[in-house]
Amino acid sequence: TPNLEPFTSGIPLSWEAFDAMPSVGVIELTYRCSQEDVRLRGRRKLAASVGGWNACPDDLPGISSAMLWWSVLDDVSQDAVRVLAFLARHFKDLEAAFAFCDVNKDGKLNHKEFVQNVTSLGFLKKERKTADRSARSSEMPGAGGALK
């Protein structure tokens with residue numbers, strides 16, 4: 001039986017020290033932050049150091065223009081929806097997808113690992129074939145346009 005802790009006072013202050021954090025377990029969080037309170041430089045630093053996103057701009061205007069903001073599911077980019085739909089077709093849940101992509105089993109997933117392993121399942125190939133088929137069908141006489 002899982003040991004559920006509601007964290008009614010927030011995340012324990014002792015977790016500020018990495019060694020004080022539990023070494024195993026699952027934590028589920030909801031993060032709420034207004035756009036005005038986001039620390040973009042901090043997010044950029046984490047994206048590079050933890051996520052392997054080293055091509056992110058360093059300057060604040062560049063970071064800000066690279067951000068894609070959304071607040072409701074209808075605003076999520078179609079690219080993100082395509083990735084999630086692809087993962088849902090291939091895995092029972094996101095944990096299984098993560099485990100598949102985390103080849104070295106270090107519990108971390110960087111951009112390179114994710115792209116290589118999802119591509120190995122045919123994600124980009126299937127997307128390209130679908131796009132090519134749609135483009136060809138829209139060029140055929142009497143054919144309707146491709147759905148977006």
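The first residue in the sequence is number 1, and the count goes up from there.
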(request) Could you tell me the separation between the CG atom of D102 and the NZ atom of K108, rounded to the nearest 0.5 Å? (result) 10.0 Å
(request) Taking side-chain contact (heavy atoms from CB on, under 4.5 Å) as the test, write out the residues that go with V83, two or more places apart. (result) L87, F114, F123
(message) Looking at every non-hydrogen atom in both residues, tell me the closest pair between N104 and D106 and how far apart they are.
(response) OD1-OD1, 3.0 Å
Name every donor-acceptor pair, under 3.5 Å, that has one atom in a side chain of residues 58-65 and the other anywhere in the protein, sequence neighbours excluded.
residue: D58; atom: OD1; partner: R44; partner atom: NE; Å: 3.0
residue: D58; atom: OD1; partner: R44; partner atom: NH2; Å: 3.1
residue: D59; atom: OD2; partner: G62; partner atom: N; Å: 3.1
residue: S65; atom: OG; partner: P61; partner atom: O; Å: 3.3
residue: S65; atom: OG; partner: G62; partner atom: O; Å: 3.0

(message) Checking F18 now: which residues fulfil ring pair (Phe, Tyr, Trp, His ring centres under 6.0 Å) with it, not counting sequence neighbours?
(response) none
(message) In this structure, would W53 and F98 fall into the same cluster of hydrophobic residues linked by side-chain contacts under 4.5 Å?
(response) no
(request) May I ask you to decide whether D79 forms a salt bridge with R82, counting only side-chain N to carboxylate O separations under 4.0 Å? (result) yes
(request) Can you sort out the partners of N54 under side-chain contact (heavy atoms from CB on, under 4.5 Å), two or more places apart, ordered by chain and number? (result) A48
(request) Determine whether R43 and V38 make a side-chain contact, defined as any pair of heavy atoms from C-beta on separated by less than 4.5 Å. (result) yes
(request) Verify the cluster assignment for L94 and L121: are they in a single hydrophobic cluster under the rule of side-chain heavy atoms below 4.5 Å apart? (result) yes
(request) Look only at the side chain of K105 and the backbone of A99, and say whether a donor-acceptor pair between them is shorter than 3.5 Å. (result) yes
(message) Has E113 got a side-chain atom pairing as donor or acceptor with N110's backbone, closer than 3.5 angstrom?
(response) yes
(request) State which residues pass side-chain contact (heavy atoms from CB on, under 4.5 Å) with D19; sequence neighbours excluded, sorted by chain then number. (result) none
(request) Starting at NZ of K45, measure out to CG of L40 and round the result to the nearest 0.5 Å. (result) 15.0 Å
(request) State, with a plain yes or no, whether a side-chain heavy atom of F91 is found less than 4.5 Å away from one of C101. (result) no
(message) Under the rule for side-chain contact (heavy atoms from CB on, under 4.5 Å), what residues qualify as partners of L46, not counting sequence neighbours?
(response) S49, V50
(message) Are V118 and F100 packed together at the side-chain level, in the sense that at least one heavy-atom pair is separated by less than 4.5 angstrom?
(response) no
